[in-house]
Amino acid sequence: MRIVCIVCYLALLMVGLSGCGQTESRDSVTAIDAFIDVDLTHVDPEVHEFLSRKQDAVRDSPESSSAVGELAMAYEMNGFADSALIGYQQAAELSPTNIKWSYYESLVLASFGDYEGALQALERVQTIDAAYAPGWIWKGRWHLALDELPEAATAFQNAVETDGHAAATVGLAQVALREDKAEVALEHLQSLKRRDSHPQIDHLIHNAQTRLGLTDGLPLPQRTEIPGQIGFPDPLSAEKRTYEVSISAELTRFRELLVHAEGQTSAFTLIDSLYEKHPDNKRVVIAKVHRLRLAGDVTNLRALINHAQKTWPAEINFMLGLAELEIASQNSVEALRLIDEALALEPDNTWGLLQRGIALAQIGDFSDALSSLHRALQIEETAEIHYFLGHAYAELSDFSNARCHMKRSIDLAPEFTQASEQLERLSAMMLTESASESGIENCGGLAEN
């Protein structure tokens with residue numbers, strides 16, 4: 001009888017162990033299935049075919065880091081960044097010594113604004129290979145975005161010593177400006193200017209000279225918007241471009257070109273060509289609208305947005321695009337109508353809240369303008385929001401808060417020349433230094449007045 005009990009116990013034990021193994025296996029299969037089974041219903045036919053092939057490769061070899069990583073690259077470059085992130089993480093687990101999967105993971109996280117997560121992923125990369133200079137430049141930029149200045153300076157210095165690209169030196173200058181070391185920044189930039197030409201370098205030089213009181217008689221760079229950051233070679237990122245397909249790929253390329261000032265002409269040519277082929281594709285029309293905005297082509301911009309809004313009446317981008325044009329035409333009432341309609345659909349749209357603040361300030365309602373701008377600031381901190389907050393506070397004769405926000409605008413975008421000029425005027429208007437340095441540093445967290 002005892003022998004029978006022992007046999008039964010062993011049988012039950014084996015069944016239990018088998019069940020545990022099956023559960024773990026099912027979990028693994030479920031994770032892979034979730035990564036593979038992305039809905040491709042609405043993608044272009046070429047993209048659908050390409051991604052389907054990559055999905056089949058993962059189904060055939062779910063333990064292959066190459067197959068998983070290639071599908072992740074295909075996802076990212078064709079509009080599925082969330083799924084790409086899952087794939088990069090899985091590929092990194094399957095092949096932990098291959099730096100590119102964690103590197104791609106870090107770039108996607110940074111594109112989502114998760115700089116802490118991006119830095120953690122990049123740390124794994126640099127533990128394996130500390131000689132890849134683009135990684136140090138990205139690390140410096142992300143620390144700078146988090147206002148972690150010593151870490152940013154160290155990263156940029158490592159990039160200088162590893163590769164010596166101009167982007168690393170620009171990063172050191174940006175750190176110096178944040179630390180109110182304008183002389184150090186100017187030294188970096190003037191040395192760089194002798195061998196490199198880029199609008200960002202020109203604006204940073206002008207900013208440093210303004211802080212040092214050296215701008216009298218110097219010509220102002222003829223550019224009203226904040227220039228894009230100087231680019232740098234990144235071979236690992238370039239590898240992903242081979243996975244771009246059709247419209248999604250072209251739109252990704254358009255966005256990448258616009259990041260760099262020298263790429264704007266190529267970006268315009270690309271989107272003009274794409275719009276000729278696909279004038280009824282909403283994503284292409286949105287990109288075309290952006291291209292016309294950047295070019296300042298108001299006549300064609302208004303015509304295109306008016307037509308687009310009739311086709312897609314619930315598209316917020318077109319509502320806010322028209323509102324921006326109405327603000328430029330001093331038609332604040334119509335602008336506010338369009339903005340309120342857009343915000344009813346998406347209350348936390350930062351662009352809409354910013355424009356609402358501008359339009360309200362335009363009609364002299366500075367208290368409500370501050371309320372809208374502070375709401376925008378709670379969602380996303382940008383140099384532009386601080387800039388208009390500074391203007392609104394100045395109109396209310398609150399020069400302490402005005403100066404505070406204008407300085408924060410420059411901290412976030414040292415090349416923002418208009419903010420530098422406004423700060424200089426505000427400082428001259430103030431008889432005493434009523435804002436402490438501590439107050440200025442905490443400007444992003446000021447409560448709504």
Do you know which two heavy atoms are closest between [X] and [Y], and how far apart they sit?
X    : Y    : value
A121 : S102 : CB-O, 3.7 Å
L172 : A153 : CD2-O, 3.6 Å
L373 : I385 : O-CG2, 3.6 Å
V284 : Y275 : CG1-CA, 3.7 Å
P62  : V68  : O-CG2, 3.9 Å
L270 : E250 : CD2-O, 3.4 Å

Minimum side-chain heavy-atom gap [X]-[Y] below 4.5 Å:
X    : Y    : result
T382 : L412 : no
L325 : L301 : yes
W101 : S65  : yes
W312 : N317 : no
R425 : M406 : no
D163 : I137 : no
D411 : H386 : no
L251 : L274 : yes

Tell me if a side-chain donor or acceptor on [X] pairs with a main-chain N or O of [Y] at a distance below 3.5 Å.
X    : Y    : value
Y104 : L236 : yes
S95  : A91  : no
S273 : T269 : no
R195 : A166 : no
N78  : Y243 : yes

Please report the interatomic distance [atom1]([X]) to [atom2]([Y]), rounded to the nearest 0.5 Å.
X    : Y    : atom1 : atom2 : result
I363 : I358 : CD1   : CD1   : 13.0 Å
E151 : W142 : CD    : CH2   : 15.0 Å
S52  : I36  : OG    : CD1   : 11.5 Å
R178 : I410 : CZ    : CD1   : 11.5 Å
T265 : L257 : OG1   : CG    : 10.0 Å
L423 : K407 : CG    : NZ    : 8.0 Å

Dump the intermediate steps for side chain to side chain contact (heavy atoms under 4.5 Å, CB included) on M319 and L345, then the final yes or no.
CA-CA 11 Å; M319 294 180 197; L345 296 172; 3.5 Å; yes
Test of understanding: with salt bridge (charged side-chain N to carboxylate O under 4.0 Å, His left out), list the residues that count as partners of [X], not counting sequence neighbours.
X    : answer
D272 : K288, R291
E179 : K181
R293 : E324
D129 : none

E161: partners by side chain to side chain contact (heavy atoms under 4.5 Å, CB included), with sequence neighbours left out
Q157, N158
I'd like to know whether Q126 forms a side chain to side chain contact (heavy atoms under 4.5 Å, CB included) with I99, so could you lay out the CA-CA distance, the side-chain angles of the two residues, the decisive distance to 0.1 Å, and finally the verdict.
CA-CA 8 Å; Q126 294 176 327; I99 69 166; over 6 Å; no
Using residues 110-120 as the side-chain source, report each donor-acceptor pair under 3.5 Å to any protein atom, sequence neighbours left out, with the distance given to one decimal.
unit_1, atom_1, unit_2, atom_2, d
S111, OG, V108, O, 2.6
D114, OD1, G117, N, 2.9

Would you sort out whether Q378 and L353 count as a side chain to side chain contact (heavy atoms under 4.5 Å, CB included), showing the intermediate values?
CA-CA 11 Å; Q378 289 171 1; L353 290 168; over 6 Å; no
Show, in sequence, the C-alpha distance, side-chain angles and deciding distance for D234 and S237, and conclude whether the side-chain hydrogen bond (donor to acceptor under 3.5 Å, both in side chains) test is met.
CA-CA 6 Å; D234 188 352; S237 292; 2.8 Å; yes
Carboxylate-amine/guanidinium proximity below 4.0 Å for R356 and D340:
yes
Residues that [X] engages under ring pair (Phe, Tyr, Trp, His ring centres under 6.0 Å), provided they are two or more places apart:
X    : result
W136 : none
Y387 : H391, F416
F366 : none
Y132 : Y103

Would you list the atom pairs, donor with acceptor, under 3.5 Å between side chains in residues 186-194 and any protein atom, with sequence neighbours excluded?
unit_1, atom_1, unit_2, atom_2, d
K193, NZ, D202, OD1, 2.5

So among R302, Q362, Q355, which one has a side chain to side chain donor-acceptor pair (under 3.5 Å) with E326?
R302
Could you give me the CA-CA distance, side-chain angles and deciding distance for T210 and E421, then say whether side chain to side chain contact (heavy atoms under 4.5 Å, CB included) is met?
CA-CA 8 Å; T210 298; E421 293 171 343; 5.8 Å; no
Which residues share a side chain to side chain donor-acceptor pair (under 3.5 Å) with E105, sequence neighbours left out
Q89, R124
